[in-house]
Structure formats: C-alpha cells, structure tokens
Amino acid sequence: MPPQPDPRWAYFLDIDGTLVALAGSPDRARLEPAFRHVLERVNRSTGGAVALISGRSIRDIDRLLGGLRFPAAGQHGLERRNSSGRTSRPRVATPGLGRARDRLCEAVERHPGLLLEDKGLSLALHYRQAPRLAGYAHRLIRSLVSGLGPAFCVQRGKRVVELRPAGRDKGIAMLEFMEEPPFRGRVPVFIGDDLTDEHAFATVNGLAGWSVKVGPGPSAARWRLRDVPAVQRWLERIPTDQVQ
C-alpha cells in the first residue's frame, strides 16, 4: 500500500477501474455515494488540488460525477479544464474521421457485443461484452489509423481500442496541471489502472511523486492498490485537520 496520503500533495485520478468499477459499457458505470463523499473530502483537505484524468470526455466525466466539478483532462489529455474552469481543446483537422466513424458503425451493426463510443475528438471501440472480437477490433482500428496518417494513433486499453489524435497523453496533461495553482509546488500522486495510465506513471516517477497502479499487471507504477474499494479506503486516510 502507498504511504499515508498527505493533504499537501496533488492528486490526479483516473476514473474507470480506479474510482468506479468497470461496467459492461461506459454509461453503466456509477460512482458510489460513499466514494463521492471521499472525493469531496480530499478536495477540501487539499485546497482543491484534485484533478481527474480520464479517457472519457470532460462532458461525460461531469455526467458521471453528477454535480461534482473538478479540474479535469478528458480523452487521454486531448481536452483539459483547469482549476479556474477554463477548458482548452486542440484544433485537429479530421477530414477522415467521419469516414472512420461510419466504418466503425458498420462493424458494430455486424458484430453484436461491439460498442462504439464517439467522444468527439476520438473514437473508442469497446469489446467488453464480446472479448472474442478483440483481434478483429484491433485490426480494424489499425487499418483506419493507417488511412488517417501520422496525426492519429492507436490507444489500447482494457477491452477497448481507440482511434485518437496523436501528440497528447495523460502524462502531458498532468504536467500542465502541475504548472498551475493549486497543484504547483506539490508532490504529485497519480492513481490509475490501465495501459492508458502508463504515460502518467512515468511522468510522476520523473517528478519524484507517487505512482499507484490499481489491480494486477506489469506497470511503471511503484505502488499498488488492489481494486476500487482499496483506492477509496486509502483516500479515506487523508488527515482531516486541514479540511475547511
């Protein structure tokens, strides 16, 4: 287990598999009320030094949290909302993205169990309900990326493969937060569970922070928590004497 959490640290949290259990589809995931209370408490204790960094869009992050509004980076860092509430998104020329979306829609219609998640700047093909289609899903996304050129890349995850603009990742988003108050000058903590979090683990290691992997599997993270309830229990240990 990682060391005792400190209210002087900056906390960067993945969502799916970290704050909420993985569900059959992203829209079925639910943040437990008790965990919601813990997040509010950590946010107060740290003076707002909590940010969510997720593969979800910022719009979907806000929907999932149901009224809680944190600084956030969505779509693996493609979009970011700072602590002042200002949201920035890259201007990406995507003339071929519509055609790729059409191809993926056709694949979903032909193969029950596949799910297409259109995030606006990126397209995620989920096969959680049809793991036998993993190879097909990855081959399809790779073929679409090759037709879009170097501006796009493939992002792998837990039973999902994604087509997204290149050049941004969760580690870059975290570095941008660390240049701003209230994160600046703090020791960073990143907690995540997936391949998409490895960039952030490497970044936080380089900053002499705390990288925490949720669940099994090889990782650059230096600490482990077993599952979502273990993340909640660890965050519950943050001292309350600085809570306003």
How many angstroms lie between CG in Leu97 and CG in Leu121, if you round to the nearest 0.5 Å?
8.5 Å

CG of Leu235 to CZ of Arg233, rounded to nearest 0.5 Å, is 11.5 Å

Should Phe201 and Phe177 be counted in the same cluster of Ile, Leu, Val, Met, Phe, Trp and Tyr side chains packed under 4.5 Å apart?
yes

Is Ser45 reaching over with its side chain to a backbone N or O of Arg41, donor-acceptor style, under 3.5 angstrom?
no

Would you compute the distance between atom CG of Leu175 and atom NE2 of His199 and round it to the nearest 0.5 angstrom?
12.5 Å

With side chain to side chain donor-acceptor pair (under 3.5 Å) as the test, would you mind laying out the steps for Glu198 and Ser219 before giving the verdict?
CA-CA 7 Å; Glu198 290 300 320; Ser219 177; 2.8 Å; yes

Would you list the atom pairs, donor with acceptor, under 3.5 Å between side chains in residues 10-26 and any protein atom, with sequence neighbours excluded?
unit_1	atom_1	unit_2	atom_2	d
Tyr11	OH	Asp6	N	2.9
Tyr11	OH	Asp6	O	2.7
Asp14	OD1	Lys170	NZ	3.2
Asp14	OD2	Thr18	OG1	3.1
Asp16	OD1	Arg56	NH2	2.8
Asp16	OD2	Arg56	NE	2.7
Ser25	OG	Asp27	OD1	2.5

Closest non-hydrogen atom pair between Arg168 and Ile172, with its separation:
NH1-CG2, 3.6 Å

Show, in sequence, the C-alpha distance, side-chain angles and deciding distance for Val204 and Val189, and conclude whether the side-chain contact (heavy atoms from CB on, under 4.5 Å) test is met.
CA-CA 7 Å; Val204 80; Val189 177; 6.0 Å; no

Heavy-atom count check: over 12 atoms from other residues, nucleotides or ligands less than 6.0 Å from Arg156 CZ?
no

If you count the non-hydrogen atoms of other residues, nucleotides and ligands that lie under 6.0 Å from CZ in Arg224, is the total more than 12?
yes

Can you name the closest pair of heavy atoms from Pro181 and Arg184 and give their distance?
CD-NH2, 3.6 Å

Using modelled atom types and a 3.5 Å cut-off, is there a donor and acceptor pairing between side-chain atoms of Arg8 and backbone atoms of Val187?
no

Hydrophobic clusters here meaning ILVMFWY residues chained together by side-chain heavy-atom distances under 4.5 Å, can you tell me if Val228 and Leu195 are in one?
no

Specify the closest pair of heavy atoms between Pro2 and Trp234, including all atoms of both residues, with the distance to one decimal.
O-NE1, 3.4 Å

Rounded at 0.5 Å granularity, tell me how far CD1 in Ile238 sits from CD in Gln4.
8.5 Å

Provide the closest heavy-atom pair for Ala166 versus Pro150 in the form atom of the first, atom of the second, distance.
CB-O, 3.9 Å

Heavy-atom check, side chain of Pro3 versus side chain of Trp223, under 4.5 Å:
yes

From Ile53 atom CD1 to Glu176 atom CD, the distance as rounded to the nearest 0.5 Å:
9.5 Å

Exactly one of Asp194, Asp197, Asp193 clears salt bridge (charged side-chain N to carboxylate O under 4.0 Å, His left out) with Lys158, and that residue is Asp193

Determine, for Asp62 against Arg81, whether the closest basic-nitrogen to carboxylate-oxygen distance falls under 4.0 angstrom.
yes

Donor-acceptor contact below 3.5 Å, side chain Arg186 vs main chain Pro182:
yes

Can you check whether Leu125's main-chain N or O pairs, donor with acceptor, with Glu162's side chain at less than 3.5 Å?
no

Return yes if some donor-acceptor pair links the side-chain N/O of Arg80 with the main-chain N/O of Met174 below 3.5 Å, else return no.
no

With a sphere of 6.0 Å drawn around CZ of Arg110, does it hold more than 12 non-hydrogen atoms of other residues, nucleotides or ligands?
yes

So which heavy atom on Val214 is nearest to which on Ile191, and how close?
CG2-CG2, 3.6 Å

With the side chain counted from C-beta on, respond yes when Pro33 and His37 share a heavy-atom pair under 4.5 Å apart, and no when they do not.
no

Check the pair Leu144 / Phe152 against side-chain contact (heavy atoms from CB on, under 4.5 Å), numbers first and verdict last.
CA-CA 10 Å; Leu144 295 174; Phe152 281 80; over 6 Å; no

Measure the shortest side-chain to side-chain distance between Glu79 and Ser88 over non-hydrogen atoms and say whether it is less than 4.5 angstrom.
no

Side chains of Ser143 and Arg103: closer than 4.5 Å at any heavy-atom pair?
yes

Here the ring pair (Phe, Tyr, Trp, His ring centres under 6.0 Å) pairs for residues 55-85, sequence neighbours left out, are none

If I compare all heavy atoms of Ala221 with all of Ser211, which pair ends up nearest, and what's the gap?
CA-OG, 3.4 Å

Interatomic distance, CG@Leu78 vs CD@Gln155, rounded to 0.5 Å, equals 9.5 Å

Verify, without hydrogens or angle tests, whether Asp118 (side chain) and Arg101 (backbone) share a donor-acceptor contact under 3.5 angstrom.
no

Less than 4.5 Å apart, side chain to side chain, heavy atoms only: is that true for Cys105 and Leu116?
yes

Carboxylate-amine/guanidinium contact Arg99 Asp102, below 4.0 Å:
no

Got a donor-acceptor contact below 3.5 angstrom from the Arg36 side chain to the Leu65 backbone?
yes

Is a donor on one side and an acceptor on the other found under 3.5 Å between the side chain of Asn43 and the backbone of Leu39?
no

Taking the six-membered ring for Trp, are Trp9 and Trp210 parallel (under 30°), tilted (30 to 60°) or perpendicular (over 60°)?
tilted

For residues Asp169 and Arg164, determine if any side-chain heavy atom of one lies less than 4.5 Å from a side-chain heavy atom of the other.
yes

Glu117 side chain to His126 backbone, donor-acceptor under 3.5 Å:
no

If we only count heavy atoms from C-beta on, is the Leu115 to Val160 side-chain gap below 4.5 Å?
no

Which residue in the set Ser122, Ser54, Ser57 passes side chain to side chain donor-acceptor pair (under 3.5 Å) when paired with Gln75?
Ser122

So does Gly55 get a backbone contact from the side chain of Lys119, meaning a donor-acceptor N/O pair under 3.5 Å?
yes

Is there a path of hydrophobic side-chain contacts, each under 4.5 Å between heavy atoms of I/L/V/M/F/W/Y residues, joining Val231 to Val42?
yes

Reference residue Tyr127; test side chain to side chain donor-acceptor pair (under 3.5 Å); the match among Arg159, Arg132, His138:
His138

Is the count of non-hydrogen atoms from other residues, nucleotides or ligands lying under 6.0 Å from Arg59 atom CZ greater than 12?
no

Step by step, work out the side-chain contact (heavy atoms from CB on, under 4.5 Å) result for Leu163 and Val154.
CA-CA 5 Å; Leu163 173 63; Val154 176; 5.9 Å; no

